[in-house]
Protein chains: 2
Amino acid sequence: MNGDKNVRTFTISQIADELDISTRTIRFYEEKGLIKPGRTAGNQRIYTARNKARLKLILRGKRFGFSLDDISEMIGMADTDMDELAQIEKSLYFGEAKLKEIQDRKKELSLLEQDILATRKKLLQRINKIRKEINHV
Amino acid sequence: MNGDKNVRTFTISQIADELDISTRTIRFYEEKGLIKPGRTAGNQRIYTARNKARLKLILRGKRFGFSLDDISEMIGMADTDMDELAQIEKSLYFGEAKLKEIQDRKKELSLLEQDILATRKKLLQRINKIRKEINHV
DNA sequence: CTTATAGCTTACGTAAACGTTAATTATAAA
DNA sequence: TTTATAATTAACGTTTACGTAAGCTATAAG
């Protein structure tokens, strides 16, 4: 075994294309401390598959309406050394809270679905009524 | 049967308290055309149970990261006369798209949960490692 | 009837999450 | 090696979703 397996890396625009976000967005997440890609000799960002996975995770959180601050507390800052117990325990504690939140959202997701289905039903009824009225003329 | 059954109404602050949002937020949603409460002789807003239910629906959508514009297209504008087929059909079309989106989010919700669980696992392992190191000293 | 709330409109303020130049440097292609 | 892309930082702009304060009116309580 050697250490340099799978060192396929990506540029910022490759990542942007694949994840369908702007390069600005990626840099913004870095500013916020959510990712920490490497740099080339010429100071350009290089992303590993691991960096990419982390970005996907961030985007997934976003799709559920979590703020970037929430997300950073959920998955931890990219540059924390993970050395202090306190830091880790804080992340754990936050993770538990978010897990509970996710449970709640799972339930609400069904409710939202039902609401939309109910709206659809009413709209269809309304359409039928209108069509009947038209036929009456 | 008569028409004036169940006419229990609410003031804006009653609604705000119950739904745990500000009165400003409620008025803002009205500005955006998402709700259309009645008015008293003195021009104050009065909310029916139906208005309240609609607000709950809006809030539910928000919890999933939908924008207010998305939501208004999902559940339809409050003041549309629901008279034109085109309008209704547009809402229906949008509703279908959103239902599909919800299906996708349901799947992603599990993925997000798993990600957090994986993070937790790693954190716990890290904690154990640190504790062992401490015992070694 | 007075007065304390509560509500109304108008309008400026703000935080989050990027968008959009601009000026400069790296890298890839010819 | 020149040149066309692509990337970098810095900084100001924008949109969404409200917050907040001001000045005025309605309604409930005493």
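From a predicted model like this one, the values you see are computed outputs, not experimental measurements. Proteins get letters first, then strands, A, B, ... in listed order; numbering begins at 1 in each. Values reported hereafter were calculated over all heavy atoms of this structure, with side chains retained and with hydrogens, waters and symmetry mates removed.
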Fill in the blank from the handout: Sequence neighbours excluded, the answer for side-chain contact (heavy atoms from CB on, under 4.5 Å) partners of Glu30(B) is Ile35(B), Pro37(B), Arg39(B), Arg45(B), Tyr47(B)
Fill in the blank from the handout: Letter by letter from the 5' end, nucleotides 18-30 of chain C scores (B base, S sugar-phosphate only, - none; protein heavy atoms under 4.0 Å) BBB-----SS---
Handout entry: Residue list, side-chain contact (heavy atoms from CB on, under 4.5 Å) with Leu59(A), at least two apart or on another chain
Key = Leu19(A), Ile21(A), Tyr29(A), Arg63(A)
Exercise for the section: Only counting residues at least two apart or in another chain, list the ones meeting salt bridge (Lys or Arg N to Asp or Glu O under 4.0 Å) with Asp17(A). Expected result: none
Exercise for the section: Sequence neighbours left out, what passes salt bridge (Lys or Arg N to Asp or Glu O under 4.0 Å) with Arg50(B)? Give chain and number order. Expected result: none
Problem - For atom CD1 of Ile71(A) and atom P of dA17(C), their distance in whole Å - result: 8 Å
Exercise for the section: Identify the 5'-most and 3'-most nucleotides of DNA chain D with at least one atom closer than 4.0 Å to a non-hydrogen atom of chain B. Expected result: dA17(D) to dT27(D)
Handout entry: With sequence neighbours excluded, residues passing side-chain contact (heavy atoms from CB on, under 4.5 Å) with Lys121(B)
Key = Gln125(B)
Handout entry: Sequence-distant partners of Asp104(B), salt bridge (Lys or Arg N to Asp or Glu O under 4.0 Å), two or more places apart
Key = Lys100(B)
Practice task
Quick one: list whatever passes salt bridge (Lys or Arg N to Asp or Glu O under 4.0 Å) with Lys52(A), sequence neighbours left out.
Solution key: Glu18(A)
Practice task
Quick one: label Arg45(B) by what it contacts on the DNA or RNA (base, sugar-phosphate, nothing), any heavy atom closer than 4.0 Å.
Solution key: sugar-phosphate
Exercise for the section: For the pair Glu113(B) and Arg60(A), find out whether any cationic side-chain nitrogen is under 4.0 Å from an anionic carboxylate oxygen. Expected result: no
